[in-house]
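First up is the structure itself, then whatever we jot down about it.
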Amino acid sequence: MSQDKLAIFDTTLRDGEQSPGCSMFLEEKIELANQLGELGVDVIEAGFPIASEGDFRSVQAIAAECRSKRIAALGRTLEPDIIRAAEALKPAASTRIHTFIATSDIHLEYKLKKTRSEVLGMARSGVKLASGLADEVEFSAEDATRTDIDYLCEVLSAVVDAGATIINIPDTVGYCLPNEFGELISTIRERVVGESDNVTISVHCHNDLGLAVANSLAAIEAGARQVECTINGIGERAGNAALEEVIMAMTVRSDKIPVSHNIDPTKLYPTSQLLSSIISFGVQPNKAIVGRNAFAHEAGIHQHGVLSNPLCYEIMTPESVGVPHNDIVLGKHSGRHALIARYEKLGKVFSHEELDDVYKRFTQLADKKKNIYDQDLLSLLASQNPVAIAA
Ligand code: KIV
Ligand code: ZN
């Protein structure tokens, strides 16, 4: 992968699916995997085959279906996990085994009950085994951001020697701040990757402090060339970095982040909608990029600005992310310009005096009713004290 191109590793079907309310049936997973293919992700992490029979079958089915994509399967650095991942990946045209072990002292002491040197050995042998069973191997140092830096670099160097070509730095508990994470990536780049073209630094950020996207962007600026993310930011606890936000930040601010990618942004909204229709919840209305209100303007001043020139308040168009049209929401904060524009869409044009009267009745209605729809506007015209309307 060239140094100015970012690979998008989608883990909606693995880290996303393992979170509450996000379970998917096999057919749904296949449909979503096909959509992720259309969207242009580089790698689809299809599941964790040793975790359950269902996960194994999903990885196998997606591997058979999405032949034009690289399919990844997750496994701990244990032999049975890696063998199972390799078996599930067999139908794929292009395979990656993603193997992981925790490296922070807190995980070593309380979860793994292993010493640093034991974990180093497990990381090395897991990667060695996986290298013979897949086209490429990715290694993740779970809880990397709370790991002693010297030890982290030692483990990463060992797995690179053992055959890993993608080294993933997860902020597993969403603890890091963007400048800190950027510095961590720079250090790993200097101390582990050096001049090698063969090793890609990847990042995997969780959103516990709401910083997953900011941390991913800081990492890209520091040289990471794979980002792991999910549609709508679903994932463990507060979720993972939202794919649509990473991509649009890079697209809108390509002046600051001159790194290309293979994603088709016009597929972002349809993909988000598809996921929402499959899992048990949608996105919050004010969610960046794909929320219902992401391109809606209610305040009068904003509406006037957007109607005069969308660039006044829109840094990207709804169409650029696949939202069908700019939906101005009419409410008590709306001004005359928005009202005229909406009536014009309904084929109604007013004189100045007529408008005063209609606007007055509109504001009275808006004080009583939260959402005003086209049918309410048309009823307003028919209500008492009618004005002469030119249809
Ligand atoms: O959050 C995490 O550390 C993970 C790893 C398995 C990559 O999901
Ligand atoms: Zn994760």
Side-chain angles (χ1 to χ4, degrees), residues 7-22 41-52 55 59 70-78 81-82 84-85 88-89 96-108 110-112 119 122-123 126-127 130 134 136-147 151-152 155-156 159 164-176 181 184-185 188 200-213 215-216 219 224 226-243 245-246:
I8 294 292
F9 176 108
D10 183 276
T11 184
T12 308
L13 291 162
R14 198 278 297 170
D15 214 328
E17 208 257 348
Q18 76 190 41
S19 60
C22 294
V41 307
D42 299 279
V43 184
I44 297 174
E45 185 164 56
F48 189 174
I50 194 95
S52 71
D55 248 42
V59 175
R70 177 144 292 187
I71 308 299
L74 185 70
R76 292 164 297 187
T77 50
L78 306 172
D81 286 43
I82 291 170
R84 196 78 177 135
L89 286 171
R96 179 183 298 181
I97 292 178
H98 176 194
T99 186
F100 73 99
I101 190 163
T103 50
S104 65
D105 285 339
I106 190 165
H107 278 239
L108 264 60
Y110 295 102
K111 188 180 83 175
L112 299 176
V119 164
M122 289 170 77
V127 168
E136 56 188 24
V137 178
E138 170 173 334
F139 172 80
S140 283
E142 191 189 4
D143 205 18
T145 52
R146 294 191 300 169
T147 299
Y151 179 61
L152 180 62
V155 172
L156 295 174
V159 296
T165 53
I166 303 101
I167 47 175
N168 186 39
I169 315 302
D171 185 20
T172 303
V173 291
Y175 173 72
C176 237
F181 197 52
L184 175 64
I185 300 306
I188 290 168
T200 301
I201 298 179
S202 167
V203 292
H204 175 111
C205 298
H206 278 270
N207 205 31
D208 300 67
L209 293 175
L211 293 171
V213 171
N215 282 337
S216 303
Q226 176 178 280
V227 163
E228 303 198 353
C229 42
T230 59
I231 302 299
N232 297 345
I234 66 168
E236 282 284 5
R237 306 180 308 281
N240 290 60
L243 183 151
E245 294 179 23
V246 172

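All ligand and atom numbering here is 1-based and tracks the order in the structure. Because the structure is predicted, anything quoted here is derived from the model rather than measured.
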Using heavy atoms and a strict 4.0 Å limit, residues surrounding ligand 1 turn out to be Arg14, Asp15, His98, Phe100, Ser140, Glu142, Asn168, Pro170, Thr172, His204, His206

Leu211 side chain reached by Cys205 side chain, heavy atoms, under 4.5 Å:
no

Apply ring pair (Phe, Tyr, Trp, His ring centres under 6.0 Å) to Phe139 and list each qualifying residue two or more places apart in sequence or on a separate chain.
none

Ignoring waters, protein N/O/S atoms under 2.8 Å from the Zn ion (ligand 2) are Asp15 OD2, His204 NE2, His206 NE2

Give the minimum heavy-atom separation between [X] and [Y], together with the two atoms involved.
X	Y	answer
Ile71	Ala46	CG2-CB, 3.9 Å
Ala130	Val137	C-CG2, 3.5 Å
Cys22	Gly16	CB-O, 3.3 Å

Across all chains, not counting sequence neighbours, the side chain to side chain donor-acceptor pair (under 3.5 Å) partners of Asn168 are Ser140, Ser202, Glu228

Starting at CD1 of Ile101, measure out to CE of Met122 and round the result to the nearest 0.5 Å.
4.0 Å

Salt-bridge criterion met for Glu142 and Lys111 (N-O under 4.0 Å)
yes

Within the supplied structure, the quantity of interest is the number of heavy atoms (other residues, nucleotides, ligands) at a distance under 6.0 Å from Tyr151 OH; does it exceed 12?
yes

